[in-house]
Amino acid sequence: MQSVRAEISYSVDNGKPIDYYFYDPEPGIVLNPPGTDKRIVEIANGWPMAQKFHVDREGFEIRDFGADFADFDNEEAIKSIFYQQIIDFVKRNTGAKRVEVFDHTLRKRLPSDLKQQTTTSRPAVLLVHSDYTPKSGVQRVHDVVPNDAEKLLEGRVAFYNVWKSLYDVVEELPLAMCDAQSSIDEDMLLMELKYKERTGEIFVVRHSATHKWYYFPKMGPEKALLLKTYDSETDGRARFMAHTAFEDPTTPEGALKRQSVEIRTMAFF
């Protein structure tokens with residue numbers, strides 16, 4: 001299987017900041033939601049080129065991780081054991097001198113009303129997005145390492161998500177990545193995340209026929225995806241990489257429900 005054709009959710013570029021409210025907005029506010037531009041795109045099987053992808057060029061790569069940790073129901077074990085494995089993985093594959101893990105999310109197929117959603121257990125995100133912007137990336141460094149932030153920001157900082165299956169081969173809701181070389185800065189649309197006490201921001205993405213999409217069907221827990229979501233360098237390397245979960249039309253009936261973990265890190269060089 002060389003590729004599949006599947007629907008993904010882009011956002012409309014109407015010249016206004018896209019927004020998402022985490023509370024009921026005031027009456028009269030006109031919402032500008034993300035993900036309303038549904039497109040059928042070709043998503044190529046990345047396995048034949050797996051060794052060629054590089055996180056500084058395409059914005060993602062897939063590498064051996066090892067499936068020796070499986071205690072994902074134990075929050076303390078995740079933080080005391082698994083986090084160190086993630087730090088070692090990021091250092092090994094990027095050359096970073098210091099890596100900080102700042103959160104993790106277990107993702108499963110959950111009911112649409114999201115009643116089971118918690119801070120660390122959420123549904124798969126069926127929206128083309130990248131997790132940070134130049135502004136929110138810098139702010140996140142201040143939030144996570146406030147005492148060292150000014151000094152660290154004098155050098156290069158990059159954010160990497162590590163994405164992998166918990167226990168089984170991924171048979172549904174795989175992750176698709178857009179080759180960063182196939183998009184331009186103007187494709188990235190600011191989305192404001194509206195909280196009562198603050199406003200955050202990420203990038204969502206407008207459609208372009210130039211986008212090249214890849215995924216890794218039947219990905220097992222011994223592999224991990226390294227995804228770049230922010231880079232302070234502006235020397236031509238990938239800075240932001242759009243990605244989304246998607247409904248794979250080739251998913252067999254009775255497929256195992258996807259269970260994955262996404263760990264967010266910041267790396268300093």
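These values consider heavy atoms only, across backbone and side chains, with no hydrogens, waters or symmetry-generated copies. In this text, all values refer to a predicted model and were calculated from it rather than measured experimentally.
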Count the heavy atoms belonging to other residues, nucleotides or ligands that lie under 6.0 Å from NZ of Lys196, then report whether that count exceeds 12.
-> no

Within 6.0 Å of CD in Glu253, more than 12 heavy atoms from elsewhere = no

[X] side chain vs [Y] backbone, donor-acceptor pair below 3.5 Å:
| X | Y | value |
| --- | --- | --- |
| Gln139 | Lys135 | no |
| Glu171 | Leu256 | yes |
| Ser80 | Glu76 | yes |
| Ser165 | Pro221 | no |
| Ser130 | Ala242 | no |
| Arg57 | Lys52 | yes |
| Ser3 | Ala44 | no |

Cation-pi between Arg206 and Tyr10: NZ/CZ under 6.0 Å from ring centre and within 45° of the ring axis?
-> no

Are the aromatic rings of [X] and [Y] close, with centres under 6.0 Å apart?
| X | Y | value |
| --- | --- | --- |
| His104 | Tyr83 | yes |
| Tyr214 | Phe53 | yes |
| Tyr195 | Tyr21 | no |

Assess whether a salt bridge exists between [X] and [Y], defined as any Lys/Arg side-chain N lying under 4.0 Å from an Asp/Glu carboxylate O.
| X | Y | answer |
| --- | --- | --- |
| Asp148 | Arg98 | yes |
| Asp56 | Arg237 | yes |
| Arg198 | Asp143 | no |

Given Asp131, which of Lys228, Arg140, Arg264 fulfils the salt bridge (Lys or Arg N to Asp or Glu O under 4.0 Å) condition?
-> Arg264

For Trp213 and Val128, which heavy atoms make the closest approach, and how far apart are they?
-> CH2-CG1, 3.7 Å

Could you list all the ring pair (Phe, Tyr, Trp, His ring centres under 6.0 Å) pairs where at least one residue sits in residues 24-49, not counting sequence neighbours?
-> Trp47-Phe216

Decide ring pair (Phe, Tyr, Trp, His ring centres under 6.0 Å) for Phe65 and Phe89; before the verdict, give the C-alpha distance in whole Å, the side-chain angles of both, and the deciding distance to 0.1 Å.
-> CA-CA 7 Å; Phe65 187 87; Phe89 176 80; 5.2 Å; yes

Only residue of His243, Met219, Met177 satisfying side-chain contact (heavy atoms from CB on, under 4.5 Å) with Trp163 is Met219

